[in-house]
Undergrad: 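Please find one structure pasted underneath; my questions will follow.
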Amino acid sequence: MAGRVFGQSIPRNEDPYLLTGQAKFIDDIELPGMLHAAFYRSDYAHARIKKIDVSEARKLPGVIAVYTAEDFGEFVRPGPLQVPPPTAIKGSIFHARPLMPIAKDKVRYSGEPLAVIIAENRYIAEDAMDYIVAELEPLPAVTDLEKALEPGAPLVHEDLESNLAALVKQERGNYEEAAAKADVVIKKKIYVDRGAGAAMENRGLVVNWDDRAREMTIWATTQAPIPLRNSIATRLGLFEEQVRVITPFIGGGFGPKIMTSQPDDVLLPIIAMWLKRPIKWIEDRRENFLATTSERDQIHYAEIALTRDGIILGVKDVFYHNTGAYDPYGMTVPLNTQTHTVSCYEVPNFYTEIRMVFTNEYVVTPVRGAGRPEGVFVMERLLDYAAQELGMDPAEIRRRNLLRKERFPYPTGIIGQDFVEGVLDSGDYPETLRRVMEVIEYEKFRKEIQPQLRAQGKHKGIGIVCFTEGTAVGPYEGARVTVGANGKVTVATGISTQGQGHFTVFAQIAAEQLGVDVKDVNVITGDTGHFHWGAGTFASRGMGVAGTAVYNAAVKVRQKALQFGARFLGVSEDEVELCDGKVCVKGDPSRSMPLGEIALKANPTRGTIEPGVEPGLEATAYFGPPYGATGAGAVAMIVDVDPETMAVNIEKFAIVHDCGTVVNPLLLEGQVMGGVHMGIGNAFYEKIKYDENGQLLTASLMDYLIPQATDMPKEMIVEHLETPSPLNPLGMKGVGEAGAIPTPACFMQALEDALYEYRLQIDETPLNPSRLWELVQQAPKK
Amino acid sequence: MKPIPFEYFAPTSTEEALEHLANLGYNGKVLAGGQSLIPAMNFRMARPGALVDLNGIPELAYIKPTADGGLAIGTMTRDSKVEHSPEVAQRFPLLLEVMPNIAHPQIRNRGTFGGSIAHADPAGQLPAISIVLNANLKVLKKGGERWVKAEEFFLGPFMTVLEPEEMLAEVVLPGLPPHTGSSYQQVSRQKGGYSLAAVASVVTLDTAGKCTSARMVMISVGDVPILSEAATRILVGQKPTPEAIAEVAEIAASKEIDPGTDIHATAEYRRHLVRVLVRRSLSTAFERAAK
Ligand SMILES: Cc1cc2nc3c(=O)[nH]c(=O)nc-3n(C[C@H](O)[C@H](O)[C@H](O)COP(=O)(O)OP(=O)(O)OC[C@H]3O[C@@H](n4cnc5c(N)ncnc54)[C@H](O)[C@@H]3O)c2cc1C
């Protein structure tokens, strides 16, 4: 599929700005008269608000205003619900409790804002916090997912009967019947915990209300600029056109920045309108941990039923999912868990049940992987327990159960986050497994290397797992492609960019069609002033959905260029072609016209145009798939464990990944490695810990560990298989979350193999050396 | 994460700095590398009214060999200078082993040798190293000077014998006798991260191979660095054997330390680590002494 620039490892257009410190980030924005905001947050996780006295804080020199819920009047109400309820799933129950922008009457999580301070600078705003007196009556906190549902448990939302936020059951086939016929049934309680997005740049917002123009400009670190604009306009009673959201360069997103209903999103625009002065809020790291959404724990009661030969007959998974104090993002995360539990395997009978639970913790929304790693962890662990039980090799049990190539398109019978039945569109799962075994030299390691190492008392283990990644979901994205009079191309799309490389890959798609240099394509993302239709950057959909829209628009512009070019050159359309930024007459390069000139002529300022002709070399196109494309892969790793200290080194990591057509191998490798990095975090480093009172114990990077370069595998092999998706013209699937999905499961399998003599059956993630040592202490040594 | 308002003084001589400290009393605080103090201020955990910045005083940064084979290190000597000093490498190979474990290169370029000791973080390496190497600490105040043995310097977590008007000026490490070996062993969650537990040993043998001195200190397992009595009691006067080392490890891990449980590790695991690290550290130190 590779073309002149499409499919090539082209270095990133955006890097010169970023690497020389020229890029503009949100905190670089300075406006005349700008004020600064800080949030006074509750220390308690669950409490009734008696009184908040801000009178002394208001008197502090430099403080402009201090607001509590009272001051916002009717403006303070829950909502909006960002993701609709799963009504497409029969019998599902969902209690919508979208976010409160500021605590009123009751506090539901530690870190919930009680007051907003606006001051001349952030220093003074923070000083003012010392002068606020909040009288809160603490209530018992809900933090344990199972106890939360017991009768008599304290209620996070007192208008509900229990802390059950949602209940969703889905089944294909009949698990119980299958289990009754099985040779082996394995049941296990599995605990999966995932962490924060922890982007290098925290969130931020700059709001400027121009009272005379009656226009609001908002700079935001959002992954969803258009939904953010729309919800702000709605709440303020403005036209969407009166609000412009701009995303400057953003230092990473990883999911949580998809939120458009966080307290700052809702409150700062109205305050800017009231005060008629620009306001800046830059979140600090502590606030990011306390009050930017993240993922959290799930408890799975999982079962697998198999024949003696290791053929899967069925899987059952009933799981509790922590949604935190509110559920503004619907059920995206647990639905992804449901759809990814059986992922790449032939599982004729599958029962899955979500019990989503309200707790006094901060809200759970997708973090890179978004429920998929949880499902894959459960499934892959079940396969490992089964392999142990049956005395089979972990690779072999997988090989026997992977969906065959002939099965595509494969309807799964399970409805996913996009509310349609998941269909696996294409792939070759056995081939990814075969190749990953080859590149990591699986057989050689098992048969030759490992026995020698064990004889020397060394503890090196290998893990191997398979996974899928549902990507590129709808509803749709759009793009506008314009050739300027300078002959260069502008691409504008509605999604925003947090470092993925859209400025390069979208440019490659357009450049390939229009025959220009990639550097001559200016990509604009995340500015509603330039493009204002779209849903945002999530679910690994930028390339597959927005990228396809760019392609569709570029194809239209190409046709238009040939059409106009032929006319201006006085030949028929089939006599011309695109060459090097020009339309040329085939076989006669002396007769040509540069694209810029065509663009100029296509936009006459006097005279007449032909009926039906649209001006300029410009086109807009949209794309929305019927269902998401599914990427897949297989990973393997070799770890070295010090059995005394439980220090773990990942010596080698291999992944063979299939995201369909590869647009830019260089950037793809970066995406995969970044995902693996996060997966390593979820396996051994990153853990958000609340105590039983709902206090966050990990509110700094000293307590919440993120893998460093030194924690990455010493050797990493990234290879690709390209099975194009039939769902879009370029055959692309997403990859943004891939690496994060299989890594924890693979890590645990490798640990078990390294510490083989203890016969561990690890049923939790993440671990740390201390916890691993504890597990070894509890294990009956053989 | 912004500090409260504070005054800032930038003296250019030690005398001037001491003058400020005398005037400020409890209101003042020394700013050295700022790698611990500034974050603590940004978290508003430290709320000093005034800072006395020592960074403009060149006379406080030096590494000078002493006549007994030791070194005198000025308090403002950057950690990275100690890490890369040939004199340090030659006279105190232990430090060569320790320094790369302190945080990350960027932080060692700013963080100071004396600042780390004065900071008295129970998880910090240099307070413990100053004890195990028998350091003498020169403490100055306006019109006064006193010397404190490292062993007597630390009172508790982030607490030392320093009075508000005093500052640490110099760290003197006495020379080590021949046939001395040392070893530093640590386990941390990540490279450059604080240790979950660490052990440093300095041992000396006589020509017959008997131990004449055994100093061993344990880090991150109590309020202050813990100097093992068992190491000295059991090993001195003996030829070191694996059994004797194991005995030290057992006593150290079960009786001498007082580790806590936190989000990174349980107390039991830390005891276990001490048992392992004492063994590794002492065996390696003796091997090196015997060479
Ligand atoms: C990410 C990170 C990781 C780190 N990891 C480690 C680690 O693994 N091990 C470790 O030991 N340290 C670690 N540190 C701490 C670093 O080494 C500290 O900065 C150092 O311990 C303190 O030295 P400083 O010069 O920065 O002192 P400052 O931060 O300037 O001061 C610290 C305290 O000591 C006082 N003080 C400093 N100098 C004097 C003096 N001459 N007289 C009297 N009082 C004085 C100050 O008033 C202040 O209270 C880490 C720091 C960071 C940011």
Side-chain angles (χ1 to χ4, degrees), chain A residues 36 38 60-62 119 121-130 202 282-288 642-649 680-681 684-691 696-712 766 768-777, chain B residues 1-6 35-36 39-45 47 100-101 103-107 121 123-124 185-199 220-221 246 249 253 259-281 283:
Chain A
H36 295 259
L60 196 71
N121 62 49
R122 173 83 184 210
Y123 292 82
I124 296 172
E126 289 190 24
D127 292 344
M129 297 205 194
D130 284 351
N202 292 321
I282 302 294
E283 181 185 62
D284 66 33
R285 187 59 66 180
R286 187 171 167 273
E287 292 183 284
N288 185 269
D642 177 334
E644 285 190 317
T645 65
M646 298 300 160
V648 179
N649 272 308
I680 290 171
F684 210 53
Y685 298 95
E686 302 188 41
K687 184 170 172 80
I688 294 176
K689 183 141 178 68
Y690 283 91
D691 71 8
L696 181 61
L697 302 179
T698 48
S700 86
L701 292 170
M702 284 235 316
D703 308 308
Y704 185 87
L705 304 183
I706 292 175
Q708 302 175 166
T710 44
D711 301 316
M712 284 294 276
N768 60 42
S770 178
R771 178 67 186 141
L772 181 57
W773 179 75
E774 231 166 52
L775 293 180
V776 166
Q777 295 315 107
Chain B
M1 283 201 203
K2 305 283 183 212
I4 65 162
F6 59 90
Q35 299 302 294
S36 299
M41 287 171 67
N42 285 344
F43 275 113
R44 298 193 174 217
M45 292 185 314
R47 295 174 165 234
N101 289 291
H104 309 278
Q106 298 91 325
I107 291 161
D121 185 336
Q185 301 281 338
Q186 88 164 43
V187 170
S188 55
R189 291 292 311 272
Q190 296 182 289
K191 175 110 185 74
Y194 286 96
S195 63
L196 298 175
V199 176
S220 284
V221 286
T261 291
D262 62 22
I263 49 172
H264 296 307
T266 62
E268 295 75 50
Y269 172 69
R270 285 194 161 96
R271 280 191 198 281
H272 162 76
L273 284 183
V274 165
R275 203 171 281 125
V276 173
L277 298 180
V278 165
R279 192 194 74 224
R280 291 182 184 180
S281 171
S283 326

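So that the names make sense, note that chain A is the first sequence line, chain B the second, and so on, each numbered from 1. What you see is a predicted model; the values in this text were computed from it and never measured.
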Undergrad: Picking from A:E644, A:R771, A:M646, which has the most non-hydrogen pairs under 4.5 angstrom with chain B?
TA: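 Heavy-atom pair counts peak at A:E644.
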
Undergrad: Is chain A contacted by the side chain of B:P3, its backbone, both, or neither, given a heavy-atom distance below 4.5 Å?
TA: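 The answer is both parts of B:P3.
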
Undergrad: In terms of heavy-atom proximity below 4.5 Å to chain A, should B:I263 be classed as side chain, backbone, both, or neither?
TA: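 Contact with chain A involves both backbone and side-chain atoms of B:I263.
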
Undergrad: Heavy-atom distance under 4.5 Å to chain B: side chain of A:I282, backbone, both or neither?
TA: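 A:I282 has no heavy atom closer than 4.5 Å to chain B.
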
Undergrad: If you define the side chain from C-beta out and look only at heavy atoms, does anything of B:Y269 sit under 4.5 Å from B:L196?
TA: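 Yes. Closest side-chain heavy atoms under 4.5 Å.
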
Undergrad: Chain B heavy atoms under 4.5 Å from A:E774: which part of the residue, side chain, backbone, both or neither?
TA: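 Looking at A:E774, just its side chain touches chain B.
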
Undergrad: Is the number of heavy atoms from other residues, nucleotides or ligands under 6.0 Å of B:R44 CZ greater than 12?
TA: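 More than 12 heavy atoms, drawn from other residues, nucleotides or ligands, come within 6.0 Å of this atom.
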
Undergrad: Quick one: of A:L705, A:L697, A:D711, A:T710, who has the most non-hydrogen atom pairs under 4.5 Å with chain B?
TA: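 Between A:L705, A:L697, A:D711, A:T710, the count favours A:L705.
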
Undergrad: For A:N121, is it the side chain, the backbone, both or neither that has a heavy atom under 4.5 Å from a heavy atom of chain B?
TA: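 For A:N121, there is no contact with chain B at all, as no heavy atom is under 4.5 Å.
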
Undergrad: Is any NZ, NE, NH1 or NH2 atom of the basic residue among A:R122 and A:E287 found under 4.0 Å from an Asp or Glu carboxylate oxygen of the other?
TA: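 Result for this pair is yes, salt bridge flagged.
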
Undergrad: Going by an N to O cut-off under 4.0 Å, is there a salt bridge joining B:D262 and B:R270?
TA: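 A salt bridge links B:D262 with B:R270.
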
Undergrad: Less than 4.5 Å apart, side chain to side chain, heavy atoms only: is that true for A:M712 and A:I680?
TA: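 Heavy-atom side-chain distance check passes, below 4.5 Å.
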
Undergrad: Answer yes or no: is there an ion pair linking B:R280 with A:D642, defined by an N-O contact shorter than 4.0 Å?
TA: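 Yes, this pair counts.
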
Undergrad: Among B:T266, B:N42, B:V187, B:L277, which residue has the highest count of heavy-atom pairs closer than 4.5 Å to chain A?
TA: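 The residue among B:T266, B:N42, B:V187, B:L277 with the greatest pair count is B:T266.
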
